[in-house]
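All chains are named by letter (A, B, ...) in the order of the sequence lines, taking the proteins before the strands, and each is independently numbered beginning at 1.
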Amino acid sequence: MAREIPTIYDSTAVEAEAAKLWADGHYFHADETSEAPKGTYAIVIPPPNVTAALHLGHALNNTLQDVLIRWRRMQGAETLWMPGTDHAGIATQTVVEKRLLAEQGKRRTDFQRDEFVGHVQSWKDEYEACILGQLQSMGCSCDWDRVRFTMDETCAKAVRTNFFNLFKDGLIYRGKRLVNWDPATQTVLADDEVEHQNVQGFFWYFQYPLETPVEIDGQTVDHVTVATTRPETMLGDTAVAMNPSDPRAKALVGQKVRLPIVGRLIPIVADEHVVLPNPESDDDKAKFSTGFLKVTPAHDPDDWQIGLRHDLEVINVMAPDGSISDKHGWEDATAPEAQNLLGMDRFEAREAIVDWFRTEKLLEEVRDYAHEVGHSYRSHVPIEPYLSDQWYIAVKKPIDHLAEKFGTEILEGTDVPANSLAGLALKPLLEGRLKFYPERYTKNYQLWLENLRDWPISRQLWWGHQIPVWTLDMQCPSEGDLTLVEEDEYPEPVISEMQEVAEEQETTGVFNFGNHAHFQLPHSEKEGWIRIYKCVDAGNQEYEKKLEEQGWVRDDDVLDTWFSSALWPFSTMGWPDENDTLKKFYPTQVLCTAREIITLWVSRMVMMGQYCVGEIPYSDVYIHAMIQDGQGRKMSKSLGNGIDPLVAIDSHGADAMRFTLANMTTDTQDVRMPVAEIELPDGRKVNSSPKFDNGRNFCNKLWNASRFAMLNLEGTDPNAFDAAKLDITDKWILSRLAKTIDAVTEGLEAYKYNEPLNEIYKFFWNDFCDWYLEWSKPRMQDDAQKATAQNVLAFVLDQVLRLLHPFVPFITEGIFQNLNAIAPNRGLNGIMELTAGKSIMISPWPESISGQIDAQVEADIEVVQSVIRSIREVRSQYNIPPSKKVPASASASEAMCGLLNTNSALIGQLAGVAPFEIAAGLEKPDNAAAVVAGEVQVYVHDVIDPDEERKRLQKQKEFVEKGIRPLEGKLSNENFVSRAKPEVVEQSRAKLKELQEQLAAIEKHLAELG
RNA sequence: GGGCGCUUAGCUCAGUUGGCUAGAGCACCUGCCUUACAAGCAGGGGGUCGGGGGUUCAAGUCCCUCAGCGCCCACCA
């Protein structure tokens, strides 16, 4: 007995039932011992940050992944969708710091490290649960038995192992570099955590007096003028640089200037980096340049490089909070003018210094200048380049033991060796083994790797993977023999070789032993001492304890979040341990993510996948659009324009949300999602989007079509089906379905979403509902036809559900269950055997039935439809109520009349005509409206309004003439006839003929009206 | 500064390799509660595809150029 089915689709109930069915069946679980004939299909989720709940971008990202996973699962592959979350170092720590400040009035430094990490941990627990719940609500068929977290034990082991291996291979080194310092939060920021903002600022032109005036072209020159946007940094200037090709260089290079305020004597050096002045240039640097560049190695990355080239002194004049200070490396702040500046904030100091130059008449000029300034994405203050010691990964250094596997050549057009980390990521792309969809993103990835710089991986944070390196300062055993330190203690060296790992600070080598590796730096702050860095492999806690007892100190810093994310495709599968999951599912098939992390994440996973496992982690990378609000702005908390997927699920249903998101997914790079406040049934006012109405309407339509099926499929007997009894509408719908199945499968193969979904939409709504179901109604009341109609209806609906399931899993499952109850066997004898599982999600994907494609049937039905539309047009024009039957007749060629007569019942039913006479040569009765439907003249009787008639025919005439004109033009153009493809010319001729015949008919009718 | 993308109906967007009178959804107008569906049905109005130039028998679709918008990357003299 069919259940009572409401006319409005109730997503809440259906979603809950389907979710329970799936969980009970354990269908999401990936079996690593499976021998599925279609092989495996795996995706690792881009782990959402545990900073906050998921937003609509995640909903899109995960919908697309679920579509692929569900589709492949139905195709018979053993699928694994690996779920999990990312600890997101700085971002999470920052939100927790904010919460603690707000709730307890305490700063991070008010806690012990363990205590603070505990607070972050509980934040993580809260949001991880929330995120996983959101994913489940969306219907994501992740393997929930395998949920990972980038800091869980499994992932942590992978991180430790990889760090150790990199260290052992001499790829990790200690470097002094300028980092992006956020003086407000007093942390280092990664490059990607710096936002560039256009700032309206100034160029100040300062005169620096020469120690000794020089003669240039007969003129006495007693100063040089430098231009700067950051006057406060001049306190740390240790040189003035000029281009060697500058005509003045000969006289000036080697001279000294006395730095104002400080009184320091600094050299003038020659460096190609300096841009020659050229007021006419389009290049801002040349336009504003004086030819002299103040060099502040401690406070500017460019200057740092210049400093390295000329061995300049590095003087840091700021404290970590951005104030001017003589406590962090500035030793000659003795002049009273300099003393005055100490303690000032950097921007205060800027003004004070400019004032000083003005007062001293050394300020030559001030010019407006708009430029990009890096800001902290957290505190939004300008970042300060700041000198500090950091851990780095050498990305272009050849890795000897990978030479055989990956080659040693320098990749063409780059300076990247194939067996360097950058090479490992770049080569598969160049060889076409790694593909981006859409293709244009390939370039992003390639350019980034070609210009890659060493990767700074340490972060001055508490939340993250603590760097597994212990340090000990010890007195040099003897000068010039640094390498013997402690070696006796570790009797069985595995490898021992000298490696230069850093340009600036040469280490004495990397020494590898059983469970640890170390290198040592010859220099130490303490004279006669050296510093030893020892990295300990995973699983050696006892050894670590021993080290600490001996006075070794573990590095406080943690690793960049991306270091652990880079391992995600295999750390989640238990690497480095050998196991079946890894063997079975690595490499995965595709990564589905947003373009903003192509470089940060995608490339690093490829790099580390190659380095650790020896294979790229996926062959395809699908990049989807970014979701913006109705005004084209990024969705963000601060703008209040975000949409919570759970809210969308409440307002429209999970399937509706998924449908809309997939439907918007084309190759475009941004999509807009208008945001509107709506009121939920429970009274909550929330942000959602009217765009989800599309999806909701579709689900409702689907629901009601199935409702119709439920009312008509009672007693469906598969044995009563006989392919010979199919009528034209059956053949037509099967032909349409056959085309749809192929289009959907092909579309998904090509990572299209909107296209296949649209194909099903049109088939389901426009063909199946609008025509087939309507035509099936009388057949359902006719015992002679009922069995055939029932079987076809059940079959087509079943196939529609399966095609839709990856997109809208809940509702299709709900209907599938109903269908299983009422018509369990839905195959069509002689056409297609169908097996249905307990759940649609494990039922086979529709196979191609291209043998059912029937062009003649489709053409015939098109004629029938056009006649019906013509009659409906007249009915609508004369406001004839649907319930009223009107008499009509039609005339056409003998052949066409035969077709129409055969199918007159179809026309009569959906056009509301009766009686309906069809014959060649029939004349238009008086008081009938005439419509030209292709080759057919249709007369709707008893309609009396000559004026209306004239109007309509006139309109149709214009329409046809509009079609004739360009065709005539083309065909009278000899070039077209001779040069265009013959079939195009033929097509045009046929079309023209048809239109001319229509025109003649219309004109005849018009003439008859008088 | 480098790279990428967008500009098609009132709104949000499709338009594959250039080729039938440029499409969809929403909104709008008219008529319908027709026994699955008013979150629906039937019918209808509305764009010459940002501006300009070029290639071609033929351009929304290729090339050049101008304008506007957006994103990513980049060491802020």
* To do: Starting at atom CD1 of A:I623, determine the distance to atom P of B:G5, rounded to an integer number of angstrom.
  => 14 Å
* Asked: With a non-hydrogen cut-off below 4.0 angstrom, is A:A227 in contact with a base, only sugar-phosphate, or nothing?
  -> sugar-phosphate
* Residues in side chain to side chain contact (heavy atoms under 4.5 Å, CB included) contact with A:K970, at least two apart in sequence or another chain -> A:F976, A:S988
* **Set of salt bridge (charged side-chain N to carboxylate O under 4.0 Å, His left out) partners for A:D655, sequence neighbours left out** => none
* **Integer-rounded Å distance: B:U21 C1' and A:K957 NZ** => 17 Å
* Asked: For A:Y753, what residues pass the ring-ring contact (aromatic ring centres under 6.0 Å, His included) criterion, not counting sequence neighbours?
  -> A:Y622
* To do: Remember a base hit wins even if backbone is also touched, and classify A:F959 as base, sugar-phosphate or nothing at under 4.0 Å, heavy atoms.
  => base
* To do: Looking at every strand, decide which applies to A:R696 at a 4.0 Å heavy-atom threshold: base, sugar-phosphate, or nothing.
  => base
* Tell me what A:C699 touches on the nucleic acid: a base, only sugar-phosphate, or nothing, going by heavy atoms under 4.0 Å. => nothing
* Can you name the salt bridge (charged side-chain N to carboxylate O under 4.0 Å, His left out) partners of A:R230, sequence neighbours left out? -> A:D300, A:E384
* Heavy atoms under 4.0 Å, any strand shown: does A:K294 hit a base, just sugar-phosphate, or nothing? -> nothing
* For the pair A:E958 and A:K955, find out whether any cationic side-chain nitrogen is under 4.0 Å from an anionic carboxylate oxygen. => no
* When all nucleic acid strands are considered with a 4.0 Å heavy-atom cut-off, which category describes A:D693: base, sugar-phosphate, or nothing? -> nothing
* Would you classify A:L995 as touching base, sugar-phosphate or nothing, given that sugar-phosphate means primed atoms plus P, OP1 and OP2, and contacts are heavy atoms under 4.0 Å? => base
* Asked: In whole angstroms, how far is the C1' atom of B:C76 from the CZ atom of A:F203?
  -> 9 Å
Would you list the protein and nucleotides 10-17 of chain B atom pairs, both N or O, that sit under 3.5 Å from each other?
{"from": "B:U12", "atom 1": "O2'", "to": "A:K691", "atom 2": "NZ", "distance (Å)": "2.4"}
{"from": "B:C13", "atom 1": "OP1", "to": "A:R672", "atom 2": "N", "distance (Å)": "2.9"}
{"from": "B:A14", "atom 1": "OP1", "to": "A:T666", "atom 2": "OG1", "distance (Å)": "2.6"}

* Asked: What nucleic acid atoms does A:V274 come within less than 4.0 Å of, heavy atoms only: base, sugar-phosphate, or nothing?
  -> base
* To do: Fill in the dot-bracket string of RNA chain B, one character per base: . for unpaired, | for a pair to another strand, ( ) or [ ] for pairs within the strand, taking Watson-Crick or G-U pairs under 3.5 Å.
  => (((((((..((((.....[...)))).(((((.......))))).....(((((..]....))))))))))))....
* When the ring planes of A:Y751 and A:Y437 are compared, do they come out parallel, tilted or perpendicular, using 30° and 60° as the limits? -> tilted
* Using atom P of each nucleotide, how far apart are B:U21 and B:A38 to the nearest Å? -> 39 Å
* Asked: Between A:K981 and B:A58, does any side-chain N or O lie under 4.0 Å from OP1 or OP2?
  -> no
* NA contact type, A:I8, heavy-atom cut-off 4.0 Å: base, sugar-phosphate, or nothing? -> base
* Sequence-distant partners of A:E986, side chain to side chain contact (heavy atoms under 4.5 Å, CB included), two or more places apart -> A:R989
* **A:E450: partners by side chain to side chain contact (heavy atoms under 4.5 Å, CB included), with sequence neighbours left out** => A:T414, A:L426, A:Q446, A:L447
Could you go over nucleotides 43-45 of chain B and give all protein N or O partners under 3.5 Å, atom names and distances?
{"from": "B:G43", "atom 1": "O2'", "to": "A:S876", "atom 2": "OG", "distance (Å)": "3.4"}

Please list every donor-acceptor pair under 3.5 Å in which a side-chain atom of residues 762-777 of chain A meets a protein atom from a residue at least two apart or in another chain.
{"from": "A:D767", "atom 1": "OD2", "to": "A:R736", "atom 2": "NE", "distance (Å)": "2.9"}
{"from": "A:D767", "atom 1": "OD2", "to": "A:R736", "atom 2": "NH2", "distance (Å)": "3.3"}
{"from": "A:Y772", "atom 1": "OH", "to": "A:D730", "atom 2": "OD1", "distance (Å)": "2.6"}
{"from": "A:E774", "atom 1": "OE1", "to": "A:K777", "atom 2": "NZ", "distance (Å)": "3.1"}
{"from": "A:E774", "atom 1": "OE2", "to": "A:K777", "atom 2": "NZ", "distance (Å)": "3.3"}
{"from": "A:W775", "atom 1": "NE1", "to": "A:L906", "atom 2": "O", "distance (Å)": "3.2"}
{"from": "A:S776", "atom 1": "OG", "to": "A:L773", "atom 2": "O", "distance (Å)": "2.8"}

* To do: Rounded off to whole Å, could you give me the CH2-to-C1' distance for the A:W765 and B:A24 pair?
  => 12 Å
* Would you classify A:H273 as touching base, sugar-phosphate or nothing, given that sugar-phosphate means primed atoms plus P, OP1 and OP2, and contacts are heavy atoms under 4.0 Å? => base
* Does B:G3 have OP1 or OP2 sitting under 4.0 Å from an N or O in the side chain of A:K443? -> no
* Distance, rounded to the nearest Å, where A:F698 contributes CZ and B:A36 contributes P -> 19 Å
* To do: For A:P690, answer base if it contacts any base atom (sugar-phosphate contacts may also be present), sugar-phosphate if it contacts only those atoms, and nothing otherwise; contact means non-hydrogen atoms under 4.0 Å.
  => nothing
* Asked: Should the pair A:F659 and A:Y761 be assigned to parallel (<30°), tilted (30 to 60°) or perpendicular (>60°) ring geometry?
  -> tilted
* Atom CZ of A:F708 to atom C1' of B:C41: distance rounded to whole Å? -> 15 Å
* Rounded off to whole Å, could you give me the CG-to-P distance for the A:L967 and B:C20 pair? => 10 Å
* Name the nucleic acid region contacted by A:T229, choosing base, sugar-phosphate or nothing; use a 4.0 angstrom heavy-atom cut-off, strictly under. => sugar-phosphate
* **Any residue meeting side chain to side chain contact (heavy atoms under 4.5 Å, CB included) with A:S11, in chain and number order, not counting sequence neighbours** => A:Y9, A:E15
* To do: Examine B:A39: is either OP1 or OP2 under 4.0 Å from a nitrogen or oxygen in the side chain of A:N704? Give yes or no.
  => no
* To do: Using a heavy-atom cut-off of under 4.0 Å over every strand shown, decide if A:E774 touches base, sugar-phosphate, or nothing.
  => base
* Residues in side-chain hydrogen bond (donor to acceptor under 3.5 Å, both in side chains) contact with A:D271, at least two apart in sequence or another chain -> A:R309, A:H310
* For B:G54 and B:C72, measure between their C1' atoms and round to the nearest Å. => 32 Å
* Length of the line joining A:E986:CD and B:A58:C1', which is rounded to integer Å -> 18 Å
